[in-house]
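This report concerns only the one structure given below.
Numbering of ligands and ligand atoms starts at 1, following listing order. Numbers here simply count residues along the sequence, with the first being 1.
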Amino acid sequence: MDIEGNKNMCGIFGCFLKNEKAAPVIHSSLKRLEYRGYDSVGIATLFDGAVFLKKGQGNIDEVHKSLDLDDLPGNIGIGHTRWATHGAPLQVNSHPHSDCTGKIAVVHNGIIENFNDLKLELQNLGHTFVSKTDTEVISHLIEEVMKSKPSFSFADAVQEATKRLEGSFAIAAISSHEPDKIICARNESPLVLGINDNTGDVYCASDITAFLLLTNRVVIINNGELVVLTAEGYLIKKIRDNSLIERVPEIFQWTAEMAVKQGYPHFMIKEIHEQPEVLRNTLRLQDHYLDLMSTFLDRATEIFLVACGTSYHACLAASYMFSKIAFLPTYPVYASEFIEQYGKSVNIDSTILAVSQSGETADTIAAVTCAQQRAATILSLTNAIGSTLTRISRVYIGTQAGPEIGVAATKTFISQLSVLAQLALRLAKKRGKVSQDEIDTTEEQLDKLPEIVNSIVKTQEDKAKQIAHKYAKSNIFFFLGRGISTATAFEGRLKLMEIAYIPSLAFPAGESKHGPISLIEHGIPVVFVCQKDDTYKTAISNIIEMKTRGAKILAIIEEDDDEVKALADDYLEVPKNIPGVLSPIPFTIPLQLLAYYMALEHNCNPDMPRNLAKSVTVK
Ligand code: M6R
């Protein structure tokens, strides 16, 4: 039985209970969804013909402590635990979101791409918005349909409203106009129903974890479907043509732990599999964020790309992207070295682009604070909106990857690369130094990356597992790449080292003959990241250098690369014709899989590598 992963951030839950108060059940179900997001939470219930609502900033326990989330009347309700994408994690941006009258409440997981246009349209019709979220347009849109089409039922109004939405959504909505139902709808973001035959209760949720302790009878909702939950059970129809769909519940034999990991044995592999969807989300970034940040970068006198660990590798890759297509020089710097290296020279003319998954890494915050005190402009990319980094940045962009639980950064790295590539493309357009043809091709390929990454995960996972088994006894690995693939090689090495504990070295391939090559002896595996760009011919010479000294060549190549296939002992492939500046995205995937399966070969828990923390808040 197939169920989808964490399509993006946030968890939604709704329930129609026969004999119980809804709020405590919603509260405990949201707790089980907290791994999907935890920066704010809210619940709305229906009772006596009215909507009751509580919401606040903070994780569920914090908000419950101050608001008592269980203390809401009624046996029908919806709830939400949030990971911010639009609008900081503040009380006002928390879900559920209401319309102007307070008679409608909506929770949403996903990203509404056209929310700015819809908001403007609704504001012109007199609607007042209180939040900065994309979700709030949904409740006002439903309100507007109900106002303009009085014959419409609540379900009709939700259906009509969803037809106007572009992007991804799983929503649950209630209204005091019809206080005996919950309406849900789905496009791309996951939505499932739980049917409790013992009690007659029905649930809707982002995933089955939310209600698994109550029932394992599950109905999966597909894209373009709308659901009406009532005392009688559930009714599913197609949003497009109103046709009814009959679907009986399936039985899920998952444990609660399996459910949180969507059936995967570890978060890391689950998060690797989520990468196509994460890329789709990053491609939905609002244009004005990218425009604003690229304008700052375009005007900057000197630009430092500052980060630690994997985020530093994203910066390193970005320095090639910015240079190659935008002709913009930038300086990637380890955050832990920034103050010593540039602390005295950074000034009002300097611009810092800090990259951090957590937005809390002590070294990154220290570097940024130092630069800020010297009047530099601070820009940032982070996966945690509301984090310290966002608070000290002039402009920030959320990388849209959703919470990452595995300590090893995987999907957040891919999302950083995607946002940085989009910024490079904006800059390329602004600066007009490369041909429109090159920009068009790169943009076309960027749009295809979710599918490309999906195919890599599907086709290379078994091969990566076999290669990990074959090389499991090797006690040292080399990782080499030229040009932008240096960053990919560095990332592949970090992944292998941090989760499989195998000492590994990574160098730009050209550097290896200036020292590291003396370590090469018969049988040492050398992982070559070999994209077909301007560096290709020299990379082949480097492969031959290693091979003639007895190294085992493990190449990451494009699928039509017969030349390297003939030289390599083993290879993992990615689709062909990927522009060099985008290559770190697909080429990193086989390296993540290799590291993951190598960790399993060594009986290491890839989710919790020793001595490491997800967020390093000490210097
Ligand atoms: O949250 P940040 O992106 O600032 O974290 C930086 C590093 O600590 C992080 O990337 C670390 O290297 C990961 N364990 C890599 O998998």
I need the nearest protein heavy-atom contact for [atom]: residue, atom name and distance, please.
atom	answer
atom 7 (C) of ligand 1	Cys308 O, 3.7 Å
atom 1 (O) of ligand 1	Ser358 OG, 2.7 Å
atom 5 (O) of ligand 1	Thr361 OG1, 3.4 Å
atom 14 (N) of ligand 1	Glu498 OE1, 2.9 Å
atom 8 (O) of ligand 1	Val616 CG2, 4.0 Å

Please state whether the rings of Phe478 and Phe507 are parallel, tilted or perpendicular, taking 30° and 60° as the class boundaries. tilted

Ring-plane angle category for Tyr331 and Phe304, please: parallel below 30°, perpendicular beyond 60°, tilted otherwise. tilted

Considering all heavy atoms, the nearest Ala421-Leu582 contact: CB-CD2, 3.7 Å

Does Val407 have a heavy atom less than 4.0 Å from any atom of ligand 1? yes

Glu360 near ligand 1 by a heavy-atom separation under 4.0 Å: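 No, Glu360 has no heavy atom closer than 4.0 Å to ligand 1.
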
Is there a polar contact, in the sense of an N or O pair closer than 3.5 Å, between [X] and ligand 1?
X	value
Gly359	no
Thr364	no
Lys495	yes

Partner set under side chain to side chain contact (heavy atoms under 4.5 Å, CB included) for Tyr289, not counting sequence neighbours: His86, Gln286, Ile397

Go through ligand 1 atom by atom and flag the ones less than 4.0 Å from a non-hydrogen atom of [X].
X	answer
Thr310	10 (O), 12 (O), 15 (C), 16 (O)
Ala408	16 (O)
Ser311	2 (P), 3 (O), 10 (O)

Partners passing side-chain hydrogen bond (donor to acceptor under 3.5 Å, both in side chains) against Arg493 (at least two apart in sequence or in another chain):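 By the side-chain hydrogen bond (donor to acceptor under 3.5 Å, both in side chains) rule, Arg493 matches no residue at all.
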
So that I know where these two stand, are His273 and Tyr264 an aromatic pair - ring centroids less than 6.0 Å apart?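 His273 vs Tyr264: aromatic centres under 6.0 Å.
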
Flag side-chain contact, heavy atom, 4.5 Å: Thr135 against His80: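 With C-beta onward as the side chain, the pair stays apart.
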
With rounding to the nearest 0.5 Å, note down the distance linking CD1 in Ile272 to CG in Leu593. 5.0 Å

Of Ile414, Ile405, Thr412, Asp607, the residue whose pairing with Glu271 passes side-chain contact (heavy atoms from CB on, under 4.5 Å): Ile405

